[in-house]
Protein chains: 2
Amino acid sequence: MDWDDIQFVLAVAREGSLSGAARVLGVNHATVLRRVTGFEQKLGLAIFERTARGYRLAPHRARVLAAMQAMEEAALGVGRALTVARAPLAGLVRVTSTDSICQAILPPIIARLQAEAEGLRIELSAQNQHADLARMDADIAVRPAEALPDELVGEVAGRLGFGVYAAPGGEAGWLGLSGPIARVRAARWMAETIPQANIAGWSDSFLVLREMAAAGQGRAVLPCVIGDGDPRLARLAGAMPEMNVDLWVASHADMVDVPRIRLVREMLLAALRQDSPRWLGQING
Amino acid sequence: MDWDDIQFVLAVAREGSLSGAARVLGVNHATVLRRVTGFEQKLGLAIFERTARGYRLAPHRARVLAAMQAMEEAALGVGRALTVARAPLAGLVRVTSTDSICQAILPPIIARLQAEAEGLRIELSAQNQHADLARMDADIAVRPAEALPDELVGEVAGRLGFGVYAAPGGEAGWLGLSGPIARVRAARWMAETIPQANIAGWSDSFLVLREMAAAGQGRAVLPCVIGDGDPRLARLAGAMPEMNVDLWVASHADMVDVPRIRLVREMLLAALRQDSPRWLGQING
DNA sequence: TCCATCCTTTGCATTCCTGCACAGACCCCC
DNA sequence: GGGGGTCTGTGCAGGAATGCAAAGGATGGA
């Protein structure tokens, strides 16, 4: 199998046309045509449907495309490894995130990154205050959000699931979210649904809420990555509609192209994407 | 970046010489030479050290090679997806394993495989009896072992770590392994180290041993994948030397090339390899 | 209805790559 | 010490892939 053919197929699938793919790849569109048709003939399998307006993925080919995209991810990983080998980057990269993510998701990933890029120092800072992503005393932010402000450039690493958790016997009242995290959709749902009078305690930290819930003070809306691992808590099925939020990995637009920051951001993104399936929790998933 | 070059680099790294790689790839050795040197010149980075006896990986290139191998895994995944898309295989594939692995590792993986290869029915059977791998009423076996008997053909998916676990306060006696699992190295260590008089209970199932340990009957040697997830148990650090055992995915030599069995075995192997890092547990890792 | 635009597809000249054959170097073993 | 085997590296010729240019077709808007 010719690995290069897959790059052509991917580009055509993304752009929706031979000409578009040719522009992206920087080759003649005739080349794209011959590579793609040749690939299909070698395989005896149609990947695309031809229309006059362009190429569209044939039905029942989503799985094939997904496998190819996984291969592209791996190819980007090779590129990063080569970058590191070629010019061992040094310096400090500051990563900021919420305290929950800093505890439940990032540590093993940061440790792996540290090991892969020696010479680079990665600093992890937990800050729930600047969750608005505007003022950011860091090089890279890992934040749940529905959209990214203009000053920041980044990509989505995956989706965080939320659930309602309580200790056995502690399902009486509710625990409320204050501060910036109150903006995530699950928190807004709670603000709209639960009367303030029923709320027994407040915090701006999911970790603190988890401890309060574990102590039996009430039900708390928590990210599944926080709640599912805790043996003291049980998830209340059907207590809230399924609400997921994107987790972004972003940098200031000005800092996007600083080599060491770009490298860490890309490695972080790849590692988070690999980890992301478990974020949805055991019911949402 | 030319993805095909990576195939050449991988082949040379594996075979240790241009000529060997050329034989494996089915091309002329001059082609391999030109692709590899061209790749290095494009990158401005030496991947290999040239000797008169062959090519050897240059120092500090292990990370690069690992990334390339990950890409190769992904390429195999593309091949499998294409196989499924081309000729949707149908029929029954019977997978057998130990009860612990059937519970702690396989279910989500089997579910994924089922989703990817519709039309195929995958049956999972937990059997601790035939752990010797000789008589096997299944198409594919997933078993911990140190080597594979001659009748079977397979590959290693990863290494299972073991630890000593007990409930708080229940660290008095020991719990022993009987039956075929007594052959894994961790069990042999226990048989040699612990006097039989100190053993408070026996079972041929790690799952049963876990329940006994959780009930406070004593310390049990358990695979980390079984013990680490259980909130009732704590792992006793330093209680035993680090002992890992390979987990094999194998089929009868006669059945190796049956398409649907081959496909499931390859998908299973790839999925297990992705899952394998967590098998070593939190201390061994 | 016609035109402009975008797309795919095909023929042709050129460029690049591959395979072959050969030379030189090294190692092992007789 | 010398021959057989294996390895890397280099010219040369044939062939495959590419870029270019032109043709054919569909769509959407004026």
Side-chain angles (χ1 to χ4, degrees), chain A residues 1-61 64-65 68 71-72 75 78-79 82, chain B residues 1-61 64-65 68 71-72 75 78-79 82:
Chain A
M1 188 171 65
D2 191 340
W3 287 10
D4 277 336
D5 288 342
I6 293 174
Q7 283 184 288
F8 286 83
V9 171
L10 276 169
V12 172
R14 246 197 299 274
E15 300 300 318
S17 73
L18 298 184
S19 319
R23 275 190 295 274
V24 171
L25 296 171
V27 297
N28 194 283
H29 49 265
T31 302
V32 182
L33 168 73
R34 287 186 281 245
R35 293 295 284 256
V36 171
T37 56
F39 183 70
E40 289 184 330
Q41 282 177 5
K42 264 186 297 186
L43 258 63
L45 176 76
I47 309 278
F48 294 103
E49 282 180 341
R50 274 82 171 156
T51 71
R53 315 211 31 187
Y55 273 44
R56 188 174 57 234
L57 202 67
H60 308 290
R61 298 287 178 269
V64 173
L65 190 68
M68 290 180 174
M71 189 167 168
E72 190 176 34
V78 172
L82 289 171
Chain B
M1 188 171 66
D2 192 339
W3 287 10
D4 276 335
D5 287 342
I6 294 173
Q7 282 184 289
F8 286 82
V9 171
L10 276 169
V12 171
R14 245 196 299 274
E15 299 302 317
S17 73
L18 297 183
S19 319
R23 274 192 297 273
V24 170
L25 295 171
V27 297
N28 193 282
H29 70 272
T31 302
V32 181
L33 168 72
R34 287 185 281 245
R35 293 296 283 256
V36 170
T37 56
F39 183 70
E40 289 183 331
Q41 281 176 5
K42 265 185 297 185
L43 258 63
L45 177 77
I47 309 278
F48 295 104
E49 282 179 342
R50 274 83 172 154
T51 72
R53 315 211 32 188
Y55 275 44
R56 188 175 56 236
L57 202 66
H60 307 290
R61 297 287 178 269
V64 172
L65 189 69
M68 289 180 174
M71 188 167 168
E72 189 176 35
V78 172
L82 289 171

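First the proteins, then the strands, lettered A, B, ... as listed; each starts at 1. Side chains included, hydrogens not; waters and symmetry mates left out as well; all remaining heavy atoms used. Fair warning: this is a prediction, and the values are worked out from it, not measured in the lab.
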K.L.:
Kindly say if B:Ser19 contacts the phosphate of D:dT8, meaning a side-chain N or O under 4.0 Å from OP1 or OP2.
P.N.:
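Answer is yes, contact under 4.0 Å.
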
K.L.:
Starting at atom CD of B:Glu40, determine the distance to atom C1' of D:dG9, rounded to an integer number of angstrom.
P.N.:
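To the nearest whole Å, that distance equals 14 Å.
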
K.L.:
So if I apply the side-chain contact (heavy atoms from CB on, under 4.5 Å) rule between A:Tyr55 and each of A:Val12, A:Val32, A:Ile47, which one comes out positive?
P.N.:
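Among A:Val12, A:Val32, A:Ile47, the one meeting side-chain contact (heavy atoms from CB on, under 4.5 Å) with A:Tyr55 is A:Val12.
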
K.L.:
How close do A:Ala46 and A:Ala58 get, counting heavy atoms only, and between which atoms?
P.N.:
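Nearest pair, atom of A:Ala46 first, then A:Ala58: O-CB, 4.1 Å.
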
K.L.:
A:Leu25 has an atom CG; how far is it from atom P of D:dT18, in whole Å?
P.N.:
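Distance check: A:Leu25 CG to D:dT18 P gives 11 Å.
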
K.L.:
Can you tell me how far P of C:dT8 sits from CD of A:Glu15, to the nearest Å?
P.N.:
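Value for this atom pair: 11 Å.
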
K.L.:
Distance check needed: D:dA17 P versus A:Leu33 CG, whole Å only.
P.N.:
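Going from A:Leu33 (CG) to D:dA17 (P), I get 14 Å.
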
K.L.:
B:Ala22 and B:Asn28: which non-hydrogen atoms are nearest, and at how many Å?
P.N.:
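Closest approach of B:Ala22 to B:Asn28, heavy atoms only: CB-C, 3.9 Å.
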
K.L.:
Let me know the distance between CZ of B:Phe48 and P of D:dT8, rounded to the nearest Å.
P.N.:
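Answer to the nearest Å: 11 Å.
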
K.L.:
Are any of A:Tyr55's side-chain N or O atoms less than 4.0 Å away from OP1 or OP2 of C:dT9?
P.N.:
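A:Tyr55 to C:dT9 OP1/OP2: side-chain N or O found under 4.0 Å.
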
K.L.:
Is the shortest side-chain N/O distance from B:Arg23 to OP1 or OP2 of D:dC7 below 4.0 Å?
P.N.:
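True: B:Arg23 side-chain N/O within range (under 4.0 Å) of D:dC7 OP1/OP2.
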
K.L.:
So if I define the base as every atom that isn't primed, P, OP1 or OP2, how would nucleotides 12-29 of chain C read as a B/S/- string at a heavy-atom cutoff under 4.0 Å?
P.N.:
------BBB-----SSS-

K.L.:
Can you tell me how far C1' of D:dC7 sits from CZ of B:Arg56, to the nearest Å?
P.N.:
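In whole Å, D:dC7 C1' and B:Arg56 CZ are 14 Å from each other.
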
K.L.:
In this structure, how many angstroms lie between the P atom of D:dA16 and the NZ atom of A:Lys42, rounded?
P.N.:
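Between P of D:dA16 and NZ of A:Lys42: 14 Å.
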
K.L.:
Look only at the side chain of B:Thr37 and the backbone of B:Leu33, and say whether a donor-acceptor pair between them is shorter than 3.5 Å.
P.N.:
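Present.
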
K.L.:
Using a cut-off of less than 4.0 Å, is there contact between a side-chain N or O of A:Ser17 and OP1 or OP2 of C:dC6?
P.N.:
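Answer no for this pair, as no side-chain N or O of A:Ser17 is under 4.0 Å from OP1 or OP2.
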
K.L.:
Would you find a donor on one side and an acceptor on the other, under 3.5 Å apart, between the side chain of A:Arg23 and the backbone of A:Leu18?
P.N.:
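The answer is no, because no donor-acceptor pair under 3.5 Å joins these two groups.
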
K.L.:
Looking only at non-hydrogen atoms, find the nearest pair between B:Val9 and B:Phe48 and report the distance.
P.N.:
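So the two residues come closest at O-CZ, 3.5 Å.
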
K.L.:
Find the distance B:Leu18:CG to D:dT10:P and express it as a whole number of Å.
P.N.:
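In whole Å, D:dT10 P lies 12 Å from B:Leu18 CG.
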
K.L.:
Enumerate the salt bridge (Lys or Arg N to Asp or Glu O under 4.0 Å) contacts for residues 41-55 of chain B, please, sequence neighbours excluded, ordered by first and then second residue.
P.N.:
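Those involving residues 41-55 of chain B are B:Asp5-B:Lys42, B:Glu40-B:Arg50, B:Glu49-B:Arg56.
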
